[in-house]
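Heads up: the structure comes next, in structure tokens.
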Amino acid sequence: MKVGIALLLGAAIFAGACGRNSNATQQNTNQTQTTDVLGAFSADSAYSYIDRQVAFGPRVPGSEAHRQCRDWLIASLKRFGADTVYVQGAQVKAYNGDKLPITNIIACYNSGASKRVLLAAHWDSRPWADKAFNANDRTKPVPGANDGGSGVGVLLEIARNLAAKQPSIGVDIAFFDAEDYGKYEGFEDNSDTWCLGSQYWAQNMIPYSAYNKPVYGILLDMVGGRGARFHYELFSQEYARLATVKVWSEAEKLGHSDYFIREKGAPITDDHVVLTRAGIPTTNIIESINSETQSFNPTWHTLDDTMANIDRASLKAVGETVLNVVYKEKP
């Protein structure tokens with residue numbers, strides 16, 4: 001993903017969207033109110049699921065590592081008690097002409113519930129470390145521990161919890177492919193070159209119809225960086241206010257307000273824009289104002305995006321928050 005103008009959000013879709021919430025831009029007061037943590041989210045387990053993905057190698061579409069990780073993700077979701085696991089295979093064309101074999105994976109929990117929430121992450125990794133300091137490294141694939149692996153690892157641990165304790169609503173977990181194959185260089189808007197998997201999925205929204213879409217979604221992307229801070233992402237704040245308020249408010253109640261900052265972040269091109277445009281208002285938990293770079297985590301699109309730079313504390317803050325949001329949701 002990249003900072004920049006997002007995929008065009010049709011005005012008709014958002015004609016009834018809520019206006020800007022003035023409370024959503026208030027400064028973080030660091031006043032927290034502790035509450036019970038629901039479920040049994042394990043940062044160690046989430047870390048191990050990230051490590052397993054990285055061990056396959058860079059999950060670049062078309063590679064053997066990509067195929068092996070795909071099979072492992074499908075098997076893991078089945079092992080973690082999903083009612084149904086939908087596997088959507090396709091071939092998409094990248095901006096440079098590459099034909100990419102992709103797989104979107106959607107697992108459903110409590111399928112009989114009419115009210116549903118969608119949790120999502122991308123599982124592919126970038127084919128080029130285009131932000132590497134050494135120019136010779138910029139054609140090498142990114143390990144993808146944080147950018148790709150971290151969101152998936154947290155959601156797998158959430159899936160394990162959902163199998164142990166069924167939520168009162170329906171929860172669907174989506175792993176989208178080919179998010180990170182986009183064109184970054186240049187000044188023109190290249191938004192539509194990213195998020196190829198979710199763009200394909202939006203054309204045929206397995207397993208939804210016009211009548212059973214989730215009421216909102218939560219996207220996890222780059223949630224495992226050391227000392228991560230998650231500001232409000234601009235498009236989430238504008239077009240998925242309900243989900244954004246739920247997540248950041250729950251984080252504060254749990255004592256995670258040092259991670260979830262109640263200040264404006266950057267506009268990000270990411271899968272949440274595609275989901276929101278498709279009628280599922282989705283908030284994005286993503287580090288976009290790193291204290292060192294004032295942008296993404298320093299390991300972003302470099303060969304340093306490894307397990308050595310994954311922080312269990314960041315995983316814990318995100319995982320506990322999202323799991324609490326899900327378990328507190330009423331039918």
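Side chains are part of it too, since the values below use all heavy atoms of this structure and drop only hydrogens, waters and symmetry mates. Position 1 is the first residue of the sequence, and the numbers go up from there. These figures come from a predicted structure and were not determined experimentally.
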Would you give the length of the straight line joining atom SG of C108 to atom CD1 of I206, rounded to the nearest 0.5 angstrom?
10.5 Å

Is there a continuous path of hydrophobic side-chain contacts, each under 4.5 Å between heavy atoms, that joins V318 to Y327?
yes

Say whether V326 and I106 are linked into one hydrophobic cluster, either directly or through other cluster members, by side-chain heavy-atom distances under 4.5 angstrom.
no

Cluster check V223, W248: I/L/V/M/F/W/Y, side chain < 4.5 angstrom:
yes

D147 and R126 ion-paired at < 4.0 Å
no

Give a yes or no answer on whether the side chain of R226 reaches the backbone of A308 with a donor-acceptor pair at less than 3.5 Å.
yes

Min side-chain heavy-atom separation V117-I169 under 4.5 Å:
yes

Pairwise side-chain contact, Q91 with P101, heavy-atom cut-off 4.5 Å (strictly under):
no

Do H272 and D270 have side-chain atoms, one donor and one acceptor, less than 3.5 Å apart?
no

Exactly one of W128, W300, Y95 clears ring-ring contact (aromatic ring centres under 6.0 Å, His included) with Y184, and that residue is W300

Is there a donor-acceptor pair under 3.5 Å between the side chain of E252 and the backbone N or O of S257?
no

Whether the side chain of T276 engages the backbone of T282 through a donor-acceptor N/O pair (distance < 3.5 Å, no angle test) should be reported.
yes

Just verifying a value: how many Å separate L73 CG and I105 CD1, rounded to the nearest 0.5 Å?
5.0 Å

L220/L119 under side chain to side chain contact (heavy atoms under 4.5 Å, CB included): CA gap, chis, key distance, verdict:
CA-CA 8 Å; L220 281 61; L119 309 179; 5.6 Å; no

Got a donor-acceptor contact below 3.5 angstrom from the K131 side chain to the P298 backbone?
no

Might you work through the side chain to side chain donor-acceptor pair (under 3.5 Å) test for D83 and S111, ending with a clear yes or no?
CA-CA 7 Å; D83 298 340; S111 297; 3.0 Å; yes

Could you give all pairs that pass the side chain to side chain donor-acceptor pair (under 3.5 Å) test and reach residues 56-67, with sequence neighbours left out?
E64-R67, E64-Q68, H66-D177, R67-D71

Supply the atom-to-atom distance K328 NZ to D36 CG, rounded to the nearest 0.5 angstrom.
8.5 Å

With side chains defined as the heavy atoms from C-beta onward, is the minimum distance between R277 and Y239 less than 4.5 Å?
no

For the pair L196 and I102, evaluate side chain to side chain contact (heavy atoms under 4.5 Å, CB included) and give the outcome as yes or no after the intermediate values.
CA-CA 9 Å; L196 300 180; I102 67 166; 5.7 Å; no

Using the rule given for side chain to side chain contact (heavy atoms under 4.5 Å, CB included), can you reason through D221 versus I285, listing the C-alpha separation, both sets of side-chain angles and the distance that settles it, and then say yes or no?
CA-CA 6 Å; D221 197 352; I285 304 175; over 6 Å; no

Taking the six-membered ring for Trp, are W194 and Y181 closer than 6.0 Å centroid to centroid?
no

Do you know the tightest heavy-atom contact between I50 and S150?
CD1-CA, 3.6 Å

Give me the atom names and distance for the closest heavy-atom approach of E233 to A266.
CG-O, 3.5 Å

What I'd like to find out is whether the side chain of L234 reaches to under 4.5 Å of the side chain of K264, using heavy atoms alone.
no

When clusters are formed by joining ILVMFWY residues with side-chain heavy atoms under 4.5 Å apart, either directly or through shared neighbours, do I74 and I158 land in the same one?
yes

ILVMFWY cluster, Y200 and Y86 together (side-chain gap under 4.5 Å):
no

Quick one: do D180 and H301 satisfy side chain to side chain contact (heavy atoms under 4.5 Å, CB included)? Show the steps, please.
CA-CA 10 Å; D180 230 346; H301 289 190; 3.3 Å; yes

Side chains of P58 and P127: closer than 4.5 Å at any heavy-atom pair?
no

Less than 4.5 Å apart, any side-chain heavy atom of T283 and any of L219?
no

Kindly compute the distance separating NE2 (H231) from CD1 (I289), expressed to the nearest 0.5 Å.
4.5 Å

Using a 3.5 Å distance criterion without hydrogens, assess whether the side chain of D311 forms a donor-acceptor pair with backbone atoms of A313.
yes

When rounded to the nearest 0.5 Å, the distance separating OG1 of T244 from CD of Q237 is 7.5 Å

Under 3.5 Å: donor-acceptor pair, side chain of N190, backbone of T193:
no

I'd like to know if E329 pairs up with K115 as an ion pair, taking the criterion as any Lys NZ or Arg NE/NH1/NH2 lying under 4.0 Å from an Asp or Glu carboxylate oxygen.
yes

So do P167 and L162 actually touch side chain to side chain, heavy atoms under 4.5 Å?
yes

Please check if the side chain of Q88 supplies one atom and the backbone of N104 the other of a donor-acceptor pair under 3.5 Å.
no

State, to 0.1 Å, how close P281 and A240 come at their nearest heavy-atom pair, and which atoms those are.
C-CB, 3.7 Å

Can Y259 and R229 be counted as having a side-chain donor-acceptor contact under 3.5 angstrom?
no

Check: F80 main-chain N/O paired with R160 side-chain donor or acceptor under 3.5 Å
no

Quick one: list whatever passes side chain to side chain contact (heavy atoms under 4.5 Å, CB included) with A107, sequence neighbours left out.
L77, A82, V85, Y109

Check: F133 main-chain N/O paired with R138 side-chain donor or acceptor under 3.5 Å
yes

With a 3.5 Å distance limit and no angle check, can you tell me whether N324 reaches the backbone of L38 through a side-chain donor-acceptor pair?
yes

Check side chain to side chain contact (heavy atoms under 4.5 Å, CB included) between K140 and all other residues, then give those that pass, not counting sequence neighbours.
D137, L303

Closest approach of S288 to G265 (non-hydrogen atoms, all atoms of both residues):
OG-CA, 4.0 Å

Taking the six-membered ring where the residue is Trp, are the ring centres of F176 and W123 under 6.0 Å apart?
no

Is there a side chain to side chain donor-acceptor pair (under 3.5 Å) between D44 and S42? Walk through the geometry before answering.
CA-CA 5 Å; D44 287 337; S42 168; 5.0 Å; no

Does a sphere of radius 6.0 Å around NZ in K165 hold more than 12 heavy atoms from other residues, nucleotides or ligands, not counting ones at 6.0 Å or beyond?
yes

Ignoring hydrogens and geometry beyond distance, is a side-chain donor-acceptor pair present between D271 and S198 at under 3.5 Å?
yes

Locate the shortest heavy-atom distance separating L275 from A120; write the atom from each residue and the value.
CD1-CB, 4.3 Å

Find the distance between CG (N297) and CE (M222) and round it off to the nearest 0.5 Å.
7.5 Å

Any side-chain heavy-atom pair from V247 and F260 closer than 4.5 angstrom?
yes

Judged by modelled atom types alone, do S191 and D189 share a side-chain donor-acceptor pair under 3.5 Å?
yes

Do you know which two heavy atoms are closest between K316 and F41, and how far apart they sit?
CA-CE2, 4.0 Å

